[in-house]
Amino acid sequence: MKKGLFITFEGPDGSGKTTVATIVCQKLSEKGYEVVHTREPGGIDIAEQIRKVILDPKNTAMDAKTEALLYAASRRQHLVEKVYPAVEKGKVVICERFLDSSIAYQGFGRGLGAEDVIKINEFAIDNTYPDKTIYLDVDEETGLARIKDRAEKDRLDEESLAFHQRVVEGYKAVLKMFKQRIAIIDATRSIDEVVEESLKIIQDLLNDR
Ligand code: TMP
């Protein structure tokens with residue numbers, strides 16, 4: 001049996017991860033690959049419950065470290081229940097967000113620092129890193145303009161422009177930290193172009209298996 005793949009999409013809010021990942025998954029399925037499209041925080045029942053707690057706009061009292069630990073907890077459960085079994089069966093797992101989001105949002109956005117965020121996540125991920133990460137590159141203003149009209153805004157969507165600027169700065173640091181693993185795609189272009197480039201990256205990995 002061919003080895004499975006664990007691919008993640010990263011990027012600021014409004015970078016188009018869900019739209020692009022959905023089309024990419026459809027196209028890979030049409031080509032006959034077994035694909036699992038999932039997301040963090042969430043993707044399975046326990047992690048979706050944790051997601052509700054983290055993102056509930058009413059939870060204004062949540063401490064930054066509590067937030068980081070909840071993301072790590074949801075990550076652990078999602079890996080064990082969904083990612084590991086699928087990869088073991090040779091499937092292609094396409095996941096919106098993973099550890100890099102915690103480094104950017106909690107490490108930089110909340111100011112906890114990359115080092116501590118990586119440290120608590122090491123316990124959760126047991127050295128599991130994606131085979132490839134596709135970073136959808138947009139600046140914070142473009143991203144926020146895209147989500148402006150969303151009917152329901154979560155606790156993080158409602159953070160200030162300065163918070164989202166720090167997140168984008170955080171992602172820039174992440175891109176430097178993990179140069180080999182992360183491919184950067186200019187996500188200000190059309191969806192078709194972004195999908196095509198993403199598919200090419202994934203197809204190359206599939207061909208190399
Ligand atoms: P989503 O809107 O992309 O589904 O993600 C929900 C929010 O959670 C989004 O604003 C990014 C944030 N987030 C973190 O702050 N840290 C994390 O580790 C993850 C996975 C998401």
Side-chain angles (χ1 to χ4, degrees), residues 6-22 25 37-44 46-60 62-79 82-83 93-125 128-130 133-138 140 142-171 173-174 177-178 182 187:
F6 178 34
I7 311 281
T8 59
F9 276 89
E10 288 283 353
D13 292 282
S15 54
K17 291 178 298 303
T18 303
T19 309
V20 173
T22 303
C25 287
H37 181 191
T38 188
R39 69 167 179 183
E40 275 199 9
I44 39 124
I46 293 174
E48 288 290 340
Q49 291 181 51
I50 298 173
R51 178 186 175 96
K52 281 206 186 92
V53 174
I54 304 175
L55 296 179
D56 187 340
K58 290 200 294 292
N59 285 338
T60 49
M62 191 178 293
D63 170 73
K65 288 188 181 178
T66 306
E67 183 180 285
L69 288 163
L70 286 173
Y71 278 114
S74 112
R75 178 159 303 131
R76 171 74 193 165
Q77 190 66 28
H78 180 249
L79 276 174
K82 197 162 184 181
V83 178
V93 176
I94 307 274
C95 181
E96 296 172 36
R97 301 193 180 280
F98 189 62
L99 167 70
D100 302 326
S101 286
S102 284
I103 303 174
Y105 283 79
Q106 282 64 55
F108 287 79
R110 296 290 186 220
L112 293 179
E115 214 175 295
D116 279 354
V117 170
I118 292 172
K119 211 190 296 169
I120 61 151
N121 272 277
E122 277 170 350
F123 181 62
I125 67 174
T128 305
Y129 284 86
T133 296
I134 296 172
Y135 180 69
L136 301 186
D137 191 11
V138 294
E140 60 283 357
T142 309
L144 288 178
R146 285 182 184 171
I147 64 166
K148 184 171 59 82
D149 298 326
R150 266 186 202 166
E152 280 183 30
K153 293 233 182 18
D154 65 43
R155 199 169 56 83
L156 275 83
D157 290 339
E158 288 186 354
E159 278 292 339
S160 63
L161 177 62
F163 172 83
H164 289 282
Q165 274 162 347
R166 291 196 297 278
V167 168
V168 170
E169 284 311 307
Y171 269 127
V174 167
M177 262 180 245
F178 301 106
I182 309 181

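Just follow the structure's listing: the first ligand is 1, and inside any ligand the first atom is 1.
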Enquirer: Heavy-atom contacts with Ser101 under 4.0 Å: which atoms of ligand 1 show up? List them by number with element.
Expert: 16 (N), 17 (C), 18 (O), 19 (C), 20 (C)

Enquirer: Tell me the nearest of Glu10, Arg110, Arg75 to atom 20 (C) of ligand 1, using heavy-atom distances.
Expert: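 The nearest heavy atom belongs to Arg75.
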
Enquirer: Working note: Thr133 + Phe98, criterion side chain to side chain contact (heavy atoms under 4.5 Å, CB included); need CA distance, chi angles, decisive distance, verdict.
Expert: CA-CA 9 Å; Thr133 296; Phe98 189 62; over 6 Å; no

Enquirer: Can the ring centres of Tyr71 and Tyr105 be said to be less than 6.0 Å apart?
Expert: no

Enquirer: Among all the protein's non-hydrogen atoms, which is closest to atom 5 (O) of ligand 1, and how far away is it?
Expert: Arg97 NE, 3.3 Å

Enquirer: In the protein, which heavy atom is nearest to atom 16 (N) of ligand 1, and how far is it?
Expert: Gln106 OE1, 2.8 Å

Enquirer: Closer than 4.0 angstrom, basic N to acidic O: yes or no for Lys82 and Glu40?
Expert: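 So Lys82 does not pair with Glu40 through a salt bridge.
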
Enquirer: If you measure every N or O of Tyr71 against every N or O of ligand 1, does any of those distances drop under 3.5 Å?
Expert: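 Yes, there is a polar N/O contact under 3.5 Å.
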
Enquirer: Who's closest to atom 4 (O) of ligand 1 heavy-atom-wise, of Glu40, Glu159, Arg51?
Expert: Arg51

Enquirer: Regarding Asp13 and Arg97, does a basic nitrogen lie under 4.0 Å from an acidic carboxylate oxygen?
Expert: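 Salt bridge: yes.
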
Enquirer: So, does Glu67 sit close enough to ligand 1 that a heavy atom of it is under 4.0 Å from the ligand?
Expert: no

Enquirer: Around atom 10 (O) of ligand 1, find the nearest protein heavy atom and jot down its residue, atom name and distance.
Expert: Asp13 OD1, 3.0 Å

Enquirer: Can Arg155 and Asn59 be counted as having a side-chain donor-acceptor contact under 3.5 angstrom?
Expert: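 There is no such pair (donor and acceptor under 3.5 Å, judged by atom type) between the side chains of Arg155 and Asn59.
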
Enquirer: Give yes or no for whether the N/O distance cutoff of 3.5 Å, strictly under, is met between Tyr105 and ligand 1.
Expert: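 Tyr105 vs ligand 1: no N/O contact under 3.5 Å.
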
Enquirer: To which protein heavy atom is atom 6 (C) of ligand 1 closest, and what is the distance rounded to 0.1 Å?
Expert: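 I find the closest protein heavy atom is Leu55 CD1, 3.7 Å.
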
Enquirer: For Leu156 and Glu67: C-alpha separation, side-chain torsions, deciding distance, then whether side chain to side chain contact (heavy atoms under 4.5 Å, CB included) applies.
Expert: CA-CA 11 Å; Leu156 275 83; Glu67 183 180 285; 4.2 Å; yes

Enquirer: In ligand 1, which numbered atoms sit nearer than 4.0 Å to a non-hydrogen atom of Leu156?
Expert: 10 (O), 12 (C), 15 (O)

Enquirer: Below 3.5 Å, N or O to N or O, backbone or side chain included: is there any such pair between Ser102 and ligand 1?
Expert: yes

Enquirer: Please determine whether any non-hydrogen atom of Glu96 lies less than 4.0 Å from an atom of ligand 1.
Expert: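 Flag not set, Glu96 not near ligand 1.
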
Enquirer: Look up atom CZ in Phe108 and atom OH in Tyr171, then write down how far apart they are to the nearest 0.5 Å.
Expert: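 Answer for the CZ-OH pair, Phe108 versus Tyr171, is 12.0 Å.
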
Enquirer: Salt bridge check: are Lys58 and Asp56 linked by an N-O gap of less than 4.0 Å?
Expert: yes

Enquirer: Minimum heavy-atom separation for Leu79 and Ala124, please, with both atom names.
Expert: CD1-O, 4.0 Å

